[in-house]
There are 2 protein chains.
Amino acid sequence: MSNSNFKILLVDDEPDIVEFLGYNLKKEGYTILTANNGKDAIEIAKKEIPHLIVLDVMMPDMDGIETCRELREQKNLQEVLIAFLTARSEDYTQIAGFEVGADDYITKPIKPRVFISRVKALLRRLQANNISESVIEFGNIRIDKEKHVVYKGELEIALPKKEFKLFSLLSSKPGKVFTREFILDQVWGDEVVVGDRTIDVHIRKLREKIGDDYFKTVKGVGYKFEF
Amino acid sequence: MSNSNFKILLVDDEPDIVEFLGYNLKKEGYTILTANNGKDAIEIAKKEIPHLIVLDVMMPDMDGIETCRELREQKNLQEVLIAFLTARSEDYTQIAGFEVGADDYITKPIKPRVFISRVKALLRRLQANNISESVIEFGNIRIDKEKHVVYKGELEIALPKKEFKLFSLLSSKPGKVFTREFILDQVWGDEVVVGDRTIDVHIRKLREKIGDDYFKTVKGVGYKFEF
DNA sequence: TTATAATTTAATAATTAGTTAACTTTGGGG
DNA sequence: CCCCAAAGTTAACTAATTATTAAATTATAA
């Protein structure tokens, strides 16, 4: 997933700050949404489900803490990352902020490079939990779901549909054993009925193309990808 | 998962800070590990796989950034949360820190309540993403059902299906004696009929692979797992 | 359409897990 | 302290599962 697939909602009552932050994040390729108060922020968040919400703590009417609390009450927004902005060392808001479900706390004055680093670090966690990443790397193996291609070091390996799907599944959780049943469900689908050996054959192809060592058999249980 | 199931590794060359942080986190019920330098930290982390590592940036020999980089190279430690500790506003280390895979950045001087809030916020994410389920630990034995693997310290032990099932059963209640009859029921199933020695042989395999001392015979009754 | 690639199947081989059997050792009650 | 039922040990055997291959089918693109 390139940066531009990440949506960030910036919320501050001072338009200057919103613009300043937005400018810097846009340069990094993020998609930016903005709001100038808590109410609008909640509206936009519900509609757009951003990946990250940056909330100023001090805002008129509805402050950041309260906004955060209401955001977290939304079922669709419980996984969303929320970072607070505040003036230095207001400890009580920090504690309140984390209590209310914040993921990070950024103190003003904001330095662009530091700010961007923090944003990246936050979003990296989303990637790590790998909701919908299109390029995943394991050691020298790189899987590009968009291009439907696997790289082993420099070598580009084209995989046919089923093989790619199977590989994607296995690599979605390295080390985890996937049962044959589950694999059939995910790769072939519920209704399709194929023999058991079909999986073996596909595994064999992957072993041939990617490398034997990456695919382990757990006899009687299933297969797993390891790197 | 109660707090006490979260393991936190504190790394700082100043013992006072380690103790101070450890004291505060222990009060919250976390399990605390400590190290005074990067090398030890890596050793301990590899063995214990903590949930969170708090790393001082400034340390002699191997600094926090380098330690973090090496930690992240370990396959088992890529999901672990890492937070840096540093003196205020050393921007360049913040950027380097996040680049190298940090999840948070905490500035000294550390205020206990704020620190605890941050730790809670970090671990909240783990819970949400539910990474540490399906792994049970006993001393230095770790059973990962998802991966279908048992770890003894750093050593990875692959067990065949029946052995794994038997071990899972015995370890489901350490210290409890399971009768042969019950074991047969659970591991082999109601209808299957196997000879008496079959259990012994499987126990023997476990003793071979995991260690003699973990499996005790209660003559005339059954077997139990102890650690 | 035709050629090419992808997928599935089926037959067979290879491998590993699980079981048994024969024998030895152990430990608690008489 | 001896006996014997229970548990331990081994290795051979069997069953179950997976690997391999080639051929048959199906989908795809030129």
Side-chain angles (χ1 to χ4, degrees), chain A residues 145 147-150 156-170 177-226, chain B residues 145 147-150 156-170 177-226:
Chain A
K145 287 194 180 172
K147 291 187 186 167
H148 223 259
V149 154
V150 176
E156 181 175 319
I157 303 166
L159 295 180
K161 210 159 67 181
K162 283 270 158 58
E163 283 166 45
F164 191 83
K165 219 167 166 186
L166 174 57
F167 187 35
S168 294
L169 175 64
L170 294 180
V177 180
F178 293 84
T179 66
R180 296 178 104 87
E181 196 193 356
F182 189 78
I183 291 172
L184 281 177
D185 249 40
Q186 297 297 309
V187 178
W188 276 267
D190 247 345
E191 65 305 327
V192 184
V193 183
V194 290
D196 252 6
R197 295 293 123 256
T198 302
I199 296 179
D200 305 39
V201 174
H202 280 83
I203 289 283
R204 184 171 174 287
K205 297 251 176 76
L206 288 178
R207 283 174 169 155
E208 244 172 24
K209 291 175 185 171
I210 318 270
D212 260 3
D213 304 337
Y214 293 106
F215 304 92
K216 294 207 175 159
T217 304
V218 182
K219 208 169 174 177
V221 187
Y223 293 97
K224 63 175 153 180
F225 168 75
E226 272 184 344
Chain B
K145 288 198 178 166
K147 296 188 174 174
H148 211 266
V149 151
V150 176
E156 183 176 314
I157 302 166
L159 296 180
K161 205 160 86 172
K162 283 266 160 60
E163 283 167 45
F164 194 84
K165 218 168 167 186
L166 174 57
F167 187 32
S168 294
L169 175 64
L170 294 180
V177 182
F178 292 84
T179 66
R180 286 167 169 275
E181 193 195 350
F182 188 76
I183 292 172
L184 281 177
D185 248 40
Q186 296 297 309
V187 177
W188 276 265
D190 248 347
E191 64 307 326
V192 185
V193 183
V194 290
D196 249 7
R197 294 289 124 272
T198 302
I199 294 180
D200 304 43
V201 173
H202 279 84
I203 290 284
R204 186 175 174 286
K205 297 243 176 84
L206 288 178
R207 283 173 170 156
E208 241 173 26
K209 291 175 184 169
I210 316 273
D212 262 3
D213 304 336
Y214 293 106
F215 304 92
K216 298 211 171 156
T217 305
V218 183
K219 206 167 174 169
V221 188
Y223 295 96
K224 64 177 162 178
F225 168 75
E226 273 183 345

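We name chains A, B, ... by the order of the sequence lines, and we start the count at 1 in each one. Bear in mind the structure is a predicted one, so any value in this text is a computation, not a measurement.
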statement: Between A/Pro160 and A/Ala158 the two heavy atoms that sit nearest each other are CD-O, 4.0 Å
Side chain to side chain, B/Phe215 and B/Ile210, heavy atoms closer than 4.5 Å: yes
- request: Nearest whole angstrom, please: distance from the P of D/dT18 to the CZ of A/Arg197.
  value: 7 Å
- prompt: Can you tell me how far C1' of D/dT20 sits from CG of A/Asp212, to the nearest Å?
  reply: 12 Å
Selection: residues 160-168 of chain A, any non-hydrogen atom under 4.0 Å of DNA chain C: A/Pro160, A/Lys161, A/Lys162
field: Spacing of B/Leu159 atom CG relative to C/dT16 atom C1', expressed in whole Å
entry: 14 Å
Atom pair CG/CG of A/Asp212 and A/Leu206 - distance to nearest 0.5 Å: 11.0 Å
- request: Would you mind reading off the bend of the helix from C/dT1-D/dA30 to C/dG30-D/dC1 from its two end axes, five pairs each, to 10 degrees?
  value: 30°
message: Is A/Tyr223 close enough to D/dT17 that one of its side-chain N or O atoms is under 4.0 Å from OP1 or OP2 there?
response: no
field: Phosphate OP1/OP2 of D/dA6 contacted by B/Thr217 side-chain N/O (<4.0 Å)
entry: no
message: Under 4.0 Å from OP1 or OP2 of D/dA7: is there any side-chain N or O of B/Arg180 that close?
response: yes
query: Which is true for A/Thr198 with a 4.0 Å heavy-atom rule: it touches a base, it touches only sugar-phosphate, or it touches nothing?
result: base
task: Mind checking salt bridge (Lys or Arg N to Asp or Glu O under 4.0 Å) for A/Arg204 and listing every partner two or more places apart, or none if nothing turns up?
output: A/Glu208
task: Can you measure from CG (B/Leu166) to CD1 (B/Ile203) and round to the nearest 0.5 angstrom?
output: 4.5 Å
query: Taking only residues at least two apart or on different chains, which pairs with a member in residues 182-197 of chain B satisfy salt bridge (Lys or Arg N to Asp or Glu O under 4.0 Å)?
result: B/Arg197-B/Asp200
- request: Rounded to the nearest angstrom, tell me the gap between atom CD1 in A/Ile199 and atom P in D/dA19.
  value: 11 Å
message: In whole Å, I'd like the distance from the CG atom of B/Leu184 to the C1' atom of C/dT19.
response: 13 Å
field: Sub-4.0 Å heavy-atom contacts from residues 201-211 of chain A onto DNA chain C, ordered by number
entry: A/Val201, A/His202, A/Lys205
message: I'd like to check the salt bridge (Lys or Arg N to Asp or Glu O under 4.0 Å) partners of B/Glu226; sequence neighbours left out, ordered by chain and number.
response: B/Lys216, B/Lys224
side-chain contact (heavy atoms from CB on, under 4.5 Å) partners of A/Val221, counting only residues at least two apart: A/Val177, A/Val218, B/His148, B/Lys161
field: Spacing between B/Asp200 atom CG and C/dT25 atom P, to the nearest angstrom
entry: 16 Å
query: By salt bridge (Lys or Arg N to Asp or Glu O under 4.0 Å), which residues pair with A/Glu163, not counting sequence neighbours?
result: A/Lys209
query: When you check the phosphate oxygens OP1 and OP2 of C/dG18, does a side-chain N or O of B/Trp188 lie under 4.0 Å from one of them?
result: no
query: With sequence neighbours excluded, what pairs up with B/Thr217 under the side-chain hydrogen bond (donor to acceptor under 3.5 Å, both in side chains) test?
result: B/Arg207
- prompt: Taking only residues two or more places apart in sequence, or in another chain, which ones meet B/Tyr223 in a ring-ring contact (aromatic ring centres under 6.0 Å, His included)?
  reply: none
Nucleotide C/dT26, atom C1' - distance to NZ of B/Lys216 in whole Å: 17 Å
- prompt: Side chains of B/Phe182 and B/Leu169: closer than 4.5 Å at any heavy-atom pair?
  reply: yes
query: Considering residues at least two apart in sequence or located in another chain, which fulfil the side-chain contact (heavy atoms from CB on, under 4.5 Å) criterion with B/Leu184?
result: B/Trp188, B/Val194, B/Ile199
Short heteroatom pairs, N/O only, protein and nucleotides 28-30 of chain C, under 3.5 Å:
none

- line: When rounded to the nearest 0.5 Å, the distance separating CZ of B/Phe225 from CZ of B/Phe178 is 11.0 Å
